[in-house]
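Notes follow once the structure below has been shown.
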Amino acid sequence: MNEHAKYEEKITIAKGSTDSLHIRIPYNPAYIQRIRQITGRQWESKLKVWIIPYTIAAVQEFINQFDPNDVQITPELWVENEDLQQWKASRGNNMSWSKEQLDKALKVMRIQPQNDQSVL
């Protein structure tokens with residue numbers, strides 16, 4: 001199974017902009033019903049993503065609606081959002097990003113990774 005297939009099987013949450021998150025959801029009526037419960041959500045048909053505000057309240061609503069085992073968080077968002085990190089760590093399977101993926105996410109955020117071998 002390739003990396004792209006892994007993302008397609010799960011809900012993927014990614015940073016869309018400084019004020020929005022993009023959520024890709026495999027077709028599942030239960031998932032659609034849950035995403036519709038999030039205040040301020042919008043369907044973007046051209047991108048085929050749900051857009052939610054990047055606010056503490058919307059992230060909490062997302063966390064309350066979905067199981068962490070069903071969600072993949074992109075590396076950039078993982079590094080940036082402690083609420084999502086704690087949610088995955090406390091109730092989901094621990095995520096294992098490669099050092100290269102985390103370094104790339106940190107560089108996007110303009111944070112220089114340290115030279116030691118430990119990532120998290």
**OP:** Apply side chain to side chain contact (heavy atoms under 4.5 Å, CB included) to the pair V71 and I73, showing each step before the final yes or no.
**Re:** CA-CA 6 Å; V71 177; I73 303 168; 4.3 Å; yes

For this session: Report the C-alpha distance between N81 and W87 in whole Å, list the side-chain angles of each, state the deciding distance to 0.1 Å, and finish with yes or no for side chain to side chain contact (heavy atoms under 4.5 Å, CB included).
Result: CA-CA 10 Å; N81 193 292; W87 173 62; over 6 Å; no

So CG of D83 and CD1 of I56: to nearest 0.5 Å the spacing works out to 6.5 Å

Exercise. Run the side chain to side chain contact (heavy atoms under 4.5 Å, CB included) check on W78 and L84 step by step: do they pass?
Worked result: CA-CA 7 Å; W78 173 263; L84 290 170; 5.6 Å; no

Less than 4.5 Å apart, side chain to side chain, heavy atoms only: is that true for L21 and F62? no

Q. Same cluster or not: are I11 and L47 linked, directly or through other Ile, Leu, Val, Met, Phe, Trp or Tyr residues, by side-chain heavy atoms under 4.5 angstrom apart?
A. no

S17 meets the side-chain contact (heavy atoms from CB on, under 4.5 Å) criterion, sequence neighbours left out, with D19, S20

Less than 4.5 Å apart, side chain to side chain, heavy atoms only: is that true for H22 and I51? yes

Sorted by chain and residue number, the side-chain contact (heavy atoms from CB on, under 4.5 Å) partners of Q42 (sequence neighbours excluded) come out as none

Y54 backbone acceptor or donor facing K15 side chain under 3.5 Å:
no

Quick check: is F66 connected to V49 through a chain of hydrophobic side chains (ILVMFWY, heavy atoms under 4.5 Å apart)?
no

When rounded to the nearest 0.5 Å, the distance separating CD of E44 from CD1 of I23 is 13.5 Å

Would Y31 and V59 show up in the same hydrophobic cluster when neighbours are defined by side-chain heavy atoms closer than 4.5 Å? yes

Distance-only donor-acceptor pairs under 3.5 Å for side chains of residues 32-39, two or more places apart:
residue: Q37; atom: NE2; partner: Q33; partner atom: O; Å: 3.4
residue: T39; atom: OG1; partner: E61; partner atom: OE1; Å: 3.3
residue: T39; atom: OG1; partner: E61; partner atom: OE2; Å: 3.3

Heavy-atom closest pair (D70 atom, K10 atom, distance to 0.1 Å) is O-CB, 3.5 Å

Please lay out, stage by stage, how W50 and R24 fare under the test side chain to side chain contact (heavy atoms under 4.5 Å, CB included). CA-CA 6 Å; W50 288 93; R24 291 192 186 280; over 6 Å; no

On a heavy-atom basis, the closest approach of G40 and P53 is O-CD, 3.8 Å

